[in-house]
Amino acid sequence: MMPASSESTNNGFVKGLGLLDASTIIIGSMIGSGIFIAPSLMAGYVQTPGLLVLMWLFGGVFTILGGLCYGELAASMPHAGGQYVYLRETYSPLLGFLYGWTVFLVIQTGFIAAVAVAFAKYLGVFFPLLSESHTVFNIGPLAVNSAQIVGILSIALLTVINVFGVRLGALVQNFFTITKVGVLVVLILLAFFWSRGSWNHFTPVLTPQVNEAVQMSFLAAFAVAMSKALFAYDAWNSVTFIAEEVREPRRTLPMALVVGTGITGLVYTLTTAAYVYIIPASQMAGIPDNRIAAEVAQVLFGPIGVSLIAVAILISTFGCNNGLILSGARVYYAMARDGLFFRSVDRLHPSFKTPVVALALQGLWASLLTLSGTYSDLLTYTTFASLLFNVLTVVGLFILRRRRADLDRPYRVWGYPVIPIVYITISLLFIIYIFIGDVRNSGLGLILVLSGIPVYGYWKRRS
């Protein structure tokens with residue numbers, strides 16, 4: 001086990017990432033498909049316009065709190081694998097493994113699969129045959145649609161790109177992130193200052209209104225709707241996975257976590273407000289394939305607007321998956337380095353110094369997950385599992401402050417212990433109500449977490 005307080009050891013990685021790169025990895029990994037599709041899904045549960053906007057604002061503040069907490073851990077333990085290392089050092093190798101196993105089975109690869117399907121859905125603006133409703137062939141009882149096929153091809157391409165060095169992956173990430181943020185800013189400005197929208201769309205502002213079709217309590221509907229927004233905010237911690245490739249990680253990682261989550265929260269909130277200004281919340285749920293951004297663009301610019309925004313969203317989702325693919329492979333690499341995964345996964349490419357086997361394995365599993373369910377299902381069970389481990393990680397702050405008082409902490413979380421307690425409390429409430437609102441997919445996420453226990457026993461015996 002690596003010493004938790006030491007600087008990154010020389011394991012062959014290239015330290016090629018600065019503050020800009022780390023920040024764009026966070027922003028780019030978060031801004032993908034969610035903000036362009038999730039508001040329509042959320043309106044299928046809660047149809048109060050003010051609450052739809054406030055959910056995104058709340059998600060931004062909530063994520064910043066998480067970033068503040070993770071900053072302390074990242075500065076103290078700047079190792080490849082990030083959150084896997086924090087859980088391993090705080091609790092036990094078993095809990096660290098369960099997180100890494102779930103990242104592989106559900107969290108990272110599930111996000112990659114969901115974003116890849118979203119990429120294909122927006123490509124359907126130009127090629128209508130690309131849709132989850134268009135079945136291409138059947139494998140036994142499994143129907144494979146055209147959106148899934150295109151999603152798998154996009155995962156394969158980005159996996160190959162990230163084999164050719166972390167700097168190339170970072171350059172691709174910087175380009176796509178800056179482009180997508182610029183597009184959203186333009187969309188926001190045009191929606192409010194050059195449109196036929198109405199401020200009347202924001203009334204009633206906060207009166208609870210649940211879509212009658214879902215037949216559940218307001219709190220359950222709110223939690224499930226919020227899970228769609230939290231999915232769009234997730235991946236903010238992915239930069240911790242690549243800590244060994246960041247220059248001056250003890251200073252850079254805490255700054256990147258706060259800057260990246262803050263910018264993303266602001267962009268998400270203003271974008272959702274622009275959507276509501278153009279299209280009433282009561283009409284959002286009925287938009288075909290939940291393409292809310294494309295619908296808004298059509299109102300603003302006519303048919304050409306749909307094409308323009310579709311191109312922008314293709315850029316956004318493609319860049320998002322680049323960041324997810326780049327960072328996720330480092331978790332499996334760290335597990336293999338500890339003897340808790342296939343031995344070949346800890347190999348770096350001799351020339352490019354990237355975890356080539358980990359990247360390939362991640363791409364293969366994410367491709368299989370694109371065949372496992374719909375976009376909405378992937379959002380719910382990945383968010384549920386991710387929140388569980390985020391809570392445990394932040395609880396670890398209190399444990400480490402007592403057990404490892406001597407641990408070098410270049411950065412200490414601001415507002416301790418209030419900020420971590422608030423984050424933990426809010427997370428637990430969402431976990432409970434997400435489970436109540438979507439028992440099937442939340443339960444599936446929990447089962448996948450627990451499936452790692454016998455697998456851990458197998459790897460432990462092997463090592």
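Note that the coordinates shown come from a computational prediction; the quantities given were computed from them, not determined experimentally. These values consider heavy atoms only, across backbone and side chains, with no hydrogens, waters or symmetry-generated copies.
- Note on residues 306-327: pairs passing side-chain hydrogen bond (donor to acceptor under 3.5 Å, both in side chains), not counting sequence neighbours, are Gln108-Ser327, Asn162-Asn322, Gln173-Asn322.
- Side chain of Ser29 to main chain of Ile26: no donor-acceptor pair is present (N/O by atom type, distance under 3.5 Å, no hydrogens or angles).
- Within the 4.5 Å cutoff, the side chain of Val258 has no heavy atoms near those of the Tyr70 side chain.
- With rounding to the nearest 0.5 angstrom, the CG atom of Leu98 is 14.0 Å from the CZ atom of Arg88.
- Here the side chains of Gln83 and Tyr99 are in contact, with some heavy-atom distance below 4.5 Å.
- Here the side chains of Cys320 and Phe111 are not in contact, with every heavy-atom distance at 4.5 Å or above.
- Judged as a side-chain hydrogen bond (donor to acceptor under 3.5 Å, both in side chains), the pairs with a partner in residues 251-267 (not counting sequence neighbours) are, in order, Glu248-Arg251.
- The aromatic rings of Phe192 and Trp199 sit parallel to each other, their planes meeting at less than 30°, with 60° as the upper class boundary.
- For the pair Arg401 and Glu72, the salt-bridge criterion is met [side-chain N within less than 4.0 Å of a carboxylate O].
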Does Leu324 form a side chain to side chain contact (heavy atoms under 4.5 Å, CB included) with Met30? I'd like the steps, not just the answer. CA-CA 9 Å; Leu324 294 173; Met30 292 166 72; over 6 Å; no
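- Under a 3.5 Å cut-off, the side chain of Arg330 and the backbone N or O of Phe241 do not form any donor-acceptor pair.
- Put simply, the side chain of Lys121 never gets that close to the backbone of Ala147: no donor and acceptor are under 3.5 Å apart.
- Counting only heavy atoms from C-beta outward, the side chains of Val276 and Met284 approach each other to under 4.5 Å.
- Between Thr102 and Leu448, every side-chain heavy-atom pair lies at or beyond the 4.5 Å cut-off.
- In this structure, the separation between CD1 on Ile419 and CG on Leu68 is 6.5 Å, given to the nearest 0.5 Å.
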So Met55 and Phe222, side chain to side chain contact (heavy atoms under 4.5 Å, CB included) or not? Walk me through it. CA-CA 9 Å; Met55 276 192 269; Phe222 180 88; 3.5 Å; yes
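- Heavy-atom neighbours of Phe126 CZ from other residues, nucleotides or ligands within 6.0 Å: above the threshold of 12.
- Judged by distance alone, with hydrogens and angles left aside, the side-chain atoms of Tyr275 form no donor-acceptor pair with the main-chain N or O of Ile292 at under 3.5 Å.
- Between Leu184 and Tyr268, every side-chain heavy-atom pair lies at or beyond the 4.5 Å cut-off.
- Between the side chain of Trp365 and the backbone N or O of Leu105, at least one donor-acceptor pair lies under 3.5 Å.
- Contact annotation: the side chain of Phe301 approaches that of Leu190 to within less than 4.5 Å [non-hydrogen atoms, C-beta and beyond].
- Between the CG atom of Leu230 and the CD1 atom of Ile426 there is a distance of 10.0 Å, given to the nearest 0.5 Å.
- Put simply, the side chain of Asp21 gets close to the backbone of Gly18: a donor and an acceptor are under 3.5 Å apart.
- Between Phe97 atom CZ and Met335 atom CE the span is 4.5 Å, to the nearest 0.5 Å.
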Using the rule given for side chain to side chain contact (heavy atoms under 4.5 Å, CB included), can you reason through Ile313 versus Phe119, listing the C-alpha separation, both sets of side-chain angles and the distance that settles it, and then say yes or no? CA-CA 8 Å; Ile313 294 168; Phe119 171 84; over 6 Å; no
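- Considering all non-hydrogen atoms of both residues, Ile278 and Ala191 come closest at CD1-O, 3.8 Å.
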Between Cys69 and Leu73, does the side chain to side chain contact (heavy atoms under 4.5 Å, CB included) criterion hold? Intermediate values first, please. CA-CA 7 Å; Cys69 296; Leu73 297 168; over 6 Å; no
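- Listed for the Lys180 side chain is no donor-acceptor partner under 3.5 Å among the backbone atoms of Ile315.
- Asn390 has its side chain within reach of Tyr423: a pair of non-hydrogen atoms, C-beta onward, lies under 4.5 Å apart.
- Distance alone, capped at 3.5 Å, is enough to place a donor-acceptor pair between the Thr177 side chain and the Thr24 backbone.
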Before giving the answer on side-chain hydrogen bond (donor to acceptor under 3.5 Å, both in side chains), spell out for Ser451 and Trp101 the whole-Å C-alpha distance, their side-chain angles and the decisive distance to 0.1 Å. CA-CA 9 Å; Ser451 71; Trp101 175 250; 3.1 Å; yes
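- Residue Leu253 comes nearest to Ala243 through the heavy atom pair CD1-CB, 3.7 Å, listed as atom of the first residue, atom of the second, then distance.
- Looking at Thr203, its side chain does come within 3.5 Å of a backbone N or O of Asn200 through a donor-acceptor pair.
- Note that the CG atom of Leu41 and the CG atom of Asn290 stand 4.0 Å from one another [nearest 0.5 Å].
- For Thr269 (side chain) and Leu266 (main-chain N/O), no donor-acceptor pair under 3.5 Å exists by modelled atom type.
- Here the CG atom belonging to Leu392 is positioned 5.5 Å from the CG atom belonging to Leu95, to the nearest 0.5 angstrom.
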